[in-house]
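Proteins get letters first, then strands, A, B, ... in listed order; numbering begins at 1 in each. Keep in mind it's a predicted model, so treat the numbers as computed, not measured.
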Amino acid sequence: MTIRDGTAKKKVFPLFRPELAMIWVILGVCVVFAGMSRVFLQPSNIMEILRQCSTMAILVLGVTWVISLNEIDNAFPDIAACASMLTALFIRNGIVFELAALYAILLSTLFGALTSVLVIRFQFPSLIATIAVSGLAKALASAIGKGIPIPVPSTAGSVIYSIVWGKVFGIPVLFLVAVALYTVSYFIQEKTRFGQYVYAIGENSQAVQESGIKRKRVMAIVFIVAAMFAAIGGVLMMGVLQSGQPKMGTSFFLDGFTVVFLGAVVFKMGKANVAGTLLGAILLGILTNGLTLLGASYFMSQIIKGSLLIFGVSVVTMSKNKQRGKAGVLTYE
Amino acid sequence: MNKEKKGPISNELFTLLVFVILFLSVLAAFSMLNRNFFSVRNMLNILKHVSVIAIAALGLTFVIAVGHADISFYMTSCFSAMLMSWLIARGLSPLLCIAAGIAGGLVWGAFSGFVVGRYKLPDKISTIAIGSIAFGMAYLFSDGAFIYTNFTSSGITDLNNARLFGIPVPVLIMAALYLAAYVVMERSKYGRQFYSVGYNKKAAFFSGIGVDRVIVVAFVVCSAMAAVSTMITSAAQGNGNVKSGLTLLMPCFSAVYIGFAVFKKPSVIGTFLGAVFTAMIQNGFTLMSVPFYYSDMVVSGLLILAILFSRFELSSQLARRPKQQKEGR
């Protein structure tokens, strides 16, 4: 699978291909942090990083496909917040932990269904539809607890607790769960028709429609799946924080998009893909952890994440422009 | 059937009529539910609230008109407000501080504009990134703490409290900006460029419009207006708060898109109507002491309804006159 761009392709040692640049960035960042902080490379810290980045990874798994569709989903952080509040509410009302989580995930997935109805049936721009849906989700999340968080009685012994805090051979279960989910999604993305349709729609929606594929159904599934993973992430986050947080969404917004767009730089130059997203989540986890260890303030990490996002987006755009090529004297684009 | 009876009334007028009826019924509902709604004092409050939303939404109208979306304005406006507050605390004259705040908005707007217009990066994601950088920078001034110093003594609160001929200053600022924007957008050759770019960039480019430049201008206007709006909020609250601009996102988008639904294109008057409608609903709910999250819910529901409404209009139009639909938008 090579992309012809007119120039003869130079033989590059496989490990130095631009598709894999991200892995080198991760290693480089690790070396820098290891040099600056002694705690960083200790196994317990590395496991902690893996545990922390897993929630984010699961949260944005579905958003990855929304971005590959060339659409956008602003609602995922607030859907996550809503799911966490719903779970906390159900638990407080005496429902078993696992069932509460299940109900919350199902209910929050309805937001995804609403988005897909708006985008597909009524042809809203996805930006506006998801801004509106996120407003609804945020308002509902606040309304459930009257604007304040709902604490949850100790969850020790439940399945969620063992997923969030448990370890197998020293590796956090949460990370293993994330890897398992990502492996399944990777096969769906690469080996099934559905995955290929997603990229085809992102490339040219009209052409896909004309070739008889049920474009609308694919798009609807993607939006619903995005909401579902956001809800799962929210429930896990509730397990981590031991409470339902109505405002947890604000911190996920930038992080989520940074992860997806950093991930788009790897493996499939310029297209969001699940394998890349996992790597992006790990890189962001390393950065967050390292910056915290070095005592960087909120604004520093905000600025660094914003710059990373811009960097990811520009690499993606430039590689796309390169593939497209230019023709004619006066061109726009 | 209903539509044929109307005959001479055009589709636009019909939509406007529906909007006015909706507006009046909401007004009636609020005044019945709350006796204070129609008091002079509350009307002035509503007007102030309208002006904050309307000014920021006006800037957004330009960006939507060129066919882009800006998700940075509410975060860059926090930077501007904090810059202004910080300078106030240093003891500079209020006018200078306001100018600095606007300048901050201009810089961030130019940054987004160049990134989106000149370098063709995808607008939504790039503006999220730039907005986050700006929001991070806003923390630089005080590490996220409130800035109170000099606020009452410097006279910056006059930006909100002062009156000219009995009309609050924010309302006057809003009126002036809207008048200027109306003349530029609807009555000048220059303003048509924004719509031209929004309809079709390639066509605009080949008819000799500097597409990149127009997009940059739109983003700059958007950020500057948002800066003005959040500085008014800061003046009203009497402190510099990092998060003061964060509530702008939803009302502004819903104002612009309600206007879009009424006039079938992003327009100055439409945005104004949308802002009045949104602000009125928020105010009405606040008066009835309904918690903030329910009014958020209503505003986002309103946003959905507004667009649904415009889609229904369009689809009924499509069904009636399938052949003449080409020029319409």
**OP:** Could you have a look at A:Phe253, A:Phe261, A:Phe257 and say which one has the most heavy-atom pairs with chain B under 4.5 angstrom?
**Re:** A:Phe261
**OP:** Against chain A, work out which of B:Ile133, B:Ile304, B:Ile125 has the most heavy-atom pairs shorter than 4.5 Å and name it.
**Re:** B:Ile125
Subject >> Criterion side chain to side chain contact (heavy atoms under 4.5 Å, CB included) on B:Met250 and A:Ile131, from CA distance to verdict >> reply: CA-CA 7 Å; B:Met250 179 82 67; A:Ile131 283 184; 4.0 Å; yes
Subject >> B:Leu246 versus chain A, the contacting section by heavy-atom distance below 4.5 Å >> reply: neither
Original post:
Given B:Ile71 and A:Asn74, is the side chain to side chain contact (heavy atoms under 4.5 Å, CB included) satisfied, shown in steps?
Top reply: CA-CA 10 Å; B:Ile71 317 184; A:Asn74 282 340; 4.2 Å; yes
Subject >> Partner chain A: residue of B:Leu121, B:Leu140, B:Ile130 with the largest heavy-atom pair count (under 4.5 Å) >> reply: B:Leu121
**OP:** Between chain A and each of B:Leu249, B:Ile128, B:Val298, count heavy-atom pairs under 4.5 Å; write down the option with the most.
**Re:** B:Ile128
Original post:
Between A:Leu140 and chain B, which part of the residue has a heavy atom less than 4.5 Å away: side chain, backbone, both or neither?
Top reply: both
Original post:
At a heavy-atom separation under 4.5 Å, does A:Leu127 approach chain B through its side chain, its backbone, both, or neither?
Top reply: side chain
Original post:
Taking all atoms of both residues into account, what is the closest heavy-atom pair of B:Ala129 and A:Gly306, and its distance?
Top reply: CB-O, 3.6 Å
Subject >> Flag side-chain contact, heavy atom, 4.5 Å: B:Met137 against A:Phe299 >> reply: no
Subject >> CA sep, side-chain torsions, deciding dist, call: A:Gln302, B:Tyr139, side chain to side chain contact (heavy atoms under 4.5 Å, CB included) >> reply: CA-CA 10 Å; A:Gln302 189 86 357; B:Tyr139 276 76; over 6 Å; no
Original post:
Contact part of A:Ile303 toward chain B, heavy-atom cut-off under 4.5 Å: side chain, backbone, both or neither?
Top reply: both
Original post:
Most heavy-atom pairs under 4.5 angstrom with chain B, which of A:Ser134, A:Gly135, A:Ala143?
Top reply: A:Ala143
Subject >> From B:Ser300 atom OG to A:Asp78 atom CG, the distance as rounded to the nearest 0.5 Å >> reply: 10.0 Å
Original post:
Non-hydrogen atoms of chain B under 4.5 Å away: do they reach the side chain of A:Ile310, the backbone, both or neither?
Top reply: both
Original post:
chain B heavy atoms under 4.5 Å from A:Lys305: which part of the residue, side chain, backbone, both or neither?
Top reply: neither
**OP:** Might you confirm whether atom CE of B:Met280 has over 12 heavy atoms from other residues, nucleotides or ligands at distances under 6.0 Å?
**Re:** yes
